[in-house]
Engineer: 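Handing you a structure now.
For clarity, every value in this text was computed on a predicted model and none was experimentally measured. We use all heavy atoms of the structure for the numbers below, so side chains are in, but hydrogens, waters and symmetry mates are not.
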Amino acid sequence: MSVQTVYTVTGMTCGHCASSVTEELTEIEGVTDVAVDLASGAVTVTSTTALEREDVVSAVTEAGYQVTA
């Protein structure tokens, strides 16, 4: 079973931004896929179990961006 959660991330403007966010999020235990839509700021995270929101916010912050939703 996998869980998909969509977060809104602000500040991403290019492929490098998306790569930074993806890299940090894939380091969270259980994350199997990360899909970034630069136009909308939507980041879809697929994981084996539900993730703690704090872990996701921390990873995005580490990449230099903010989770707004």
Engineer: So how far is it from S19 OG to E23 CD, rounded to the nearest 0.5 Å?
Structural biologist: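 It comes to 8.0 Å.
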
Engineer: Using only atom types and a distance under 3.5 Å, with no angle test, would you say the side chain of T32 pairs donor to acceptor with the backbone of T46?
Structural biologist: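 Checked: pair present.
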
Engineer: Any side-chain heavy atom of V31 within less than 4.5 Å of one from L51?
Structural biologist: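 In contact.
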
Engineer: Is T26 reaching over with its side chain to a backbone N or O of T22, donor-acceptor style, under 3.5 angstrom?
Structural biologist: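 Checked: pair present.
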
Engineer: I'd like to know if V43 and L38 are part of one continuous hydrophobic network [Ile/Leu/Val/Met/Phe/Trp/Tyr, side-chain heavy atoms within less than 4.5 Å].
Structural biologist: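 Linked within one cluster.
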
Engineer: Any idea which heavy atoms bring G11 and C17 closest together, and the distance?
Structural biologist: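 Closest approach of G11 to C17, heavy atoms only: O-SG, 4.4 Å.
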
Engineer: Do V3 and T49 touch side chain to side chain, with heavy atoms closer than 4.5 Å?
Structural biologist: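 Not touching, per the 4.5 Å side-chain cut-off.
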
Engineer: Side chains of T10 and Y65, heavy atoms from C-beta outward: is any pair under 4.5 Å?
Structural biologist: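 SC-SC contact between T10 and Y65 ruled out.
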
Engineer: Show the numbers, then the answer: is there a side-chain contact (heavy atoms from CB on, under 4.5 Å) between R53 and V67?
Structural biologist: CA-CA 10 Å; R53 181 173 172 82; V67 175; 3.5 Å; yes

Engineer: In this structure, are over 12 heavy atoms from other groups packed under 6.0 Å from Q66 atom CD?
Structural biologist: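 Not more than 12 within 6.0 Å, no.
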
Engineer: Quick check on the hydrophobic clustering: are M12 and V6 connected, directly or via other members, by side-chain heavy-atom contacts under 4.5 Å?
Structural biologist: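 Looking at the clustering, V6 is in a separate group from M12.
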
Engineer: Counting C-beta onward and ignoring hydrogens, is there a side-chain heavy-atom pair between D55 and E29 closer than 4.5 Å?
Structural biologist: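 Of all side-chain heavy-atom pairs linking E29 with D55, none is under 4.5 Å.
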
Engineer: Does I28 form a side-chain contact (heavy atoms from CB on, under 4.5 Å) with V56? I'd like the steps, not just the answer.
Structural biologist: CA-CA 8 Å; I28 298 173; V56 174; 4.3 Å; yes

Engineer: Tell me, please, which residues at least two apart from D37 pass side chain to side chain donor-acceptor pair (under 3.5 Å).
Structural biologist: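 If we apply the side chain to side chain donor-acceptor pair (under 3.5 Å) test to D37, skipping adjacent residues, the hits are S40.
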
Engineer: Does the side chain of Y7 come within less than 4.5 Å of V60's, by heavy atoms?
Structural biologist: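 The answer is no; the side chains never approach within 4.5 Å.
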
Engineer: Rounded at 0.5 Å granularity, tell me how far OG1 in T61 sits from CD in E24.
Structural biologist: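 Between atom OG1 of T61 and atom CD of E24 there are 10.0 Å.
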
Engineer: Tell me every residue that passes side chain to side chain donor-acceptor pair (under 3.5 Å) with T13, counting only those two or more places apart in sequence or in another chain.
Structural biologist: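 Checked T13 against side chain to side chain donor-acceptor pair (under 3.5 Å); zero matches.
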
Engineer: Listed by chain and number, what are the side chain to side chain donor-acceptor pair (under 3.5 Å) partners of T44, not counting sequence neighbours?
Structural biologist: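 In terms of side chain to side chain donor-acceptor pair (under 3.5 Å), with neighbours along the sequence ignored, T44 is linked to no residue.
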
